[in-house]
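Since the model is a prediction, treat every value here as computed from it, not as a measurement.
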Number of protein chains: 2
Amino acid sequence: MFLVSLIPIRPGSASGGGPPERRDAARNRELLLAAARELIDECGADGLTMDKLAERAGVGKGTVFRRFGSRAGLMMTLLSDAEAEFQGRFMFGPPPLGPGAPPLDRLIAFGAGRIGYVLEYGDLARAADHSLYNRFEVPAVVLWHRHIEYLLRAAGFDADPWLMAMSLSATLDPERLLHAVRVHGVSPERLEETWRELVTRVVGSAE
Amino acid sequence: MFLVSLIPIRPGSASGGGPPERRDAARNRELLLAAARELIDECGADGLTMDKLAERAGVGKGTVFRRFGSRAGLMMTLLSDAEAEFQGRFMFGPPPLGPGAPPLDRLIAFGAGRIGYVLEYGDLARAADHSLYNRFEVPAVVLWHRHIEYLLRAAGFDADPWLMAMSLSATLDPERLLHAVRVHGVSPERLEETWRELVTRVVGSAE
DNA sequence: ATACTAAACGGACTACGGTCCGGATGTTAT
DNA sequence: ATAACATCCGGACCGTAGTCCGTTTAGTAT
């Protein structure tokens, strides 16, 4: 089963190609991930700074950035298990999220799944999204986009599915979802219902 | 004609309430705005730093932040004329953007107007959007949201117009629009067309 | 004019993300 | 075992947004 990484750099020992990782590097990665989880437990994802992380893990700051590339890269790594699980569900899992259900049902389920994911991981998901530069070029983000585009096409939506997929993705942006829930008290059910309404109408008129 | 400021702080001598501004403060504001426009001409909006701005204007850094609150606040101030003009058009101007046209036509025109605005001001609009904290609570942003919500209701959309307006707003986010245009070569016409498609379908099925 | 006060000033300071490079370390070929 | 080499390490360093507080100054009352 092919999964697309949330992170653009080597995720460990797997993912073919290059030479294997040196043992000290692997050890430091584990130290860093453990320290990161500790810090997030104590201070929340927003309270994690790269300096604190380096100190806690007992490594230099350069090591942190060599491993993860950026703060967002670190957050993506911490989410990669959950991300892989979600990818597995919408690509190969049971309907309606996985293949087998009508495209519209899959689209609705995809949004609900993504909303649940974002609300579950909260600040972590938001921090992982804050790439600033290539926020839209992260492999996993590209995959979501292509999945939505594919479902739109499958549902018979022919007018610029690529761009419409981009617009629909915008709706699921973690920052916006969390803001709606935390500041305006919107319930997850309302979020899911609005997504359902949105995609139903976008796809529905395409028949 | 009531216009809602893009910036939450006193925009100058007008906007009643508090005591008038001291003359040195007013002079420094003008110095800063002139210096900011110069720097943006020379280095682009992304190349403007608060230190360079303070130095160029010949004032202390503290003064810059007392005036504008943040980098995003400065950018909003620089955009406030254009923003006021846009507000005037969609609230009081001629149809289809202004009142008089059917709600759906106004919605379509609003998106097209906003797309044009974002593409015209580019990095400046993006920088102004980067508040990070209360990005969604800026008065002008709230106004756009309420305008979309109002038009949705007027068009007969009854299922959670507030949240649907938020979803539709997400589509017009400067970062996304600029990314689509600059990285993926999407034309403004395609953006407008997708917006038209989106709101037509959302509103259309509501009858 | 003078004294007084509230506002504004300036720039040193902090916090943070991210970069750099000389030195240390693991891996591998001989 | 040794040498050679690629990789990794650490932490000093940088640029930037934003804060703080002792000092200065504009407006005002006398």
Side-chain angles (χ1 to χ4, degrees), chain A residues 8-10 12-13 17-32 35-36 39 43-77 123 126-135, chain B residues 8-10 12-13 17-32 35-36 39 43-77 123 126-135:
Chain A
I9 56 180
R10 161 179 39 191
S13 49
E21 190 176 45
R22 255 169 59 167
R23 207 169 311 136
D24 52 349
R27 176 182 51 91
N28 280 338
R29 175 195 342 277
E30 296 314 315
L31 283 173
L32 282 166
L39 281 175
C43 320
D46 292 342
L48 182 150
T49 74
M50 301 307 257
D51 291 275
K52 278 201 278 184
L53 174 59
E55 190 190 2
R56 174 70 67 106
V59 305
K61 198 177 178 181
T63 303
V64 182
F65 282 90
R66 195 165 336 91
R67 268 322 118 215
F68 304 109
S70 69
R71 187 172 187 277
L74 166 69
M75 302 300 186
M76 289 179 200
T77 304
D123 296 313
R126 189 161 50 79
D129 204 43
H130 256 303
S131 284
L132 289 146
Y133 9 89
N134 55 351
R135 177 175 158 200
Chain B
I9 55 180
R10 163 180 36 192
S13 50
E21 191 176 46
R22 254 168 60 165
R23 208 170 306 139
D24 53 347
R27 176 182 49 92
N28 280 338
R29 172 190 351 271
E30 296 314 315
L31 283 173
L32 282 165
L39 281 174
C43 320
D46 291 343
L48 181 150
T49 73
M50 301 306 257
D51 290 274
K52 279 200 278 185
L53 174 59
E55 189 190 2
R56 173 71 65 108
V59 305
K61 197 176 180 182
T63 303
V64 182
F65 281 90
R66 195 165 333 93
R67 271 318 120 217
F68 304 109
S70 68
R71 188 172 186 277
L74 167 70
M75 301 300 186
M76 290 180 200
T77 303
D123 296 313
R126 189 161 49 80
D129 205 43
H130 255 300
S131 283
L132 289 146
Y133 9 88
N134 55 350
R135 178 173 157 201

* Asked: Salt bridge between Asp129(B) and Arg126(B), side-chain N to carboxylate O under 4.0 Å?
  -> no
* Asked: dC14(D) P sits how many Å from Phe65(A) CZ, rounded?
  -> 17 Å
* Between dC9(D) (P) and Leu31(A) (CG): distance, integer Å -> 10 Å
* First locate atom CG of Leu31(B), then atom CZ of Arg56(B), and finally report the distance between them rounded to the nearest 0.5 Å. => 12.5 Å
* Closest to the Val59(B) side chain, choosing from dG10(D), dG10(C), dA17(D) -> dG10(C)
* Structure fact -> Rounded to the nearest 0.5 Å, the CG atom of Asp46(B) sits from the CG atom of Asp123(B) at a distance of 4.0 Å
* Residue mapping more 5' on DNA chain D - nearest nucleotide basis, Ala26(A) or Lys52(B) -> Ala26(A)
* To do: Could you check which of dC8(D), dA17(D), dA8(C) has an atom nearest any side-chain atom of Asp24(B)?
  => dA8(C)
* Take atom CE of Met50(A) and atom C1' of dT19(C), then tell me their distance rounded to the nearest Å. => 13 Å
* Expressed in angstrom and rounded to an integer, what is the separation of Arg29(A) atom CZ from dT7(D) atom C1'? -> 14 Å
* Is the distance from OP1 or OP2 of dG10(D) to the nearest side-chain N or O of Thr63(A) less than 4.0 Å? -> yes
* Determine whether any donor atom in the side chain of Lys61(B) lies under 3.5 Å from an acceptor atom in the base of dA17(D), or the reverse, and answer yes or no. => yes
* Does Arg22(A) make a side-chain donor-acceptor contact with the base of dT27(C), cut-off 3.5 Å? -> no
* Structure fact -> d(Leu32(B) CG, Arg67(B) CZ) to nearest 0.5 Å is 8.0 Å
* Structure fact -> Rounded to the nearest 0.5 Å, the NE2 atom of His130(B) sits from the CE atom of Met75(B) at a distance of 10.5 Å
* To do: Considering just the side-chain nitrogens and oxygens of Arg71(B), establish if one lies under 4.0 Å of OP1 or OP2 belonging to dG18(D).
  => no
* Is Asn28(B) near enough to dC9(C) that one of its side-chain N or O atoms lies under 4.0 angstrom from OP1 or OP2? -> yes
* Between dC9(C), dG18(C), dT16(D), which nucleotide has the shortest distance from any of its atoms to the side chain of Arg67(B)? -> dC9(C)
* Please give, in whole Å, the distance from dA12(C) P to Asp51(B) CG? -> 11 Å
* d(CG, Leu53(A); P, dC9(D)) in whole Å -> 13 Å
* Integer-rounded Å distance: dT25(C) P and Arg27(A) CZ -> 11 Å
* Structure fact -> Looking only at dA26(D), dG18(C), dA17(D), the nucleotide nearest the Arg23(B) side chain is dA26(D)
* Of all the nucleotides listed (dC9(C), dC16(C), dA17(D)), which has the minimum atom distance to the side chain of Thr49(B)? -> dA17(D)
* Protein-nucleotide distance (Glu21(B), atom CD; dT25(D), atom C1'), rounded to Å -> 15 Å
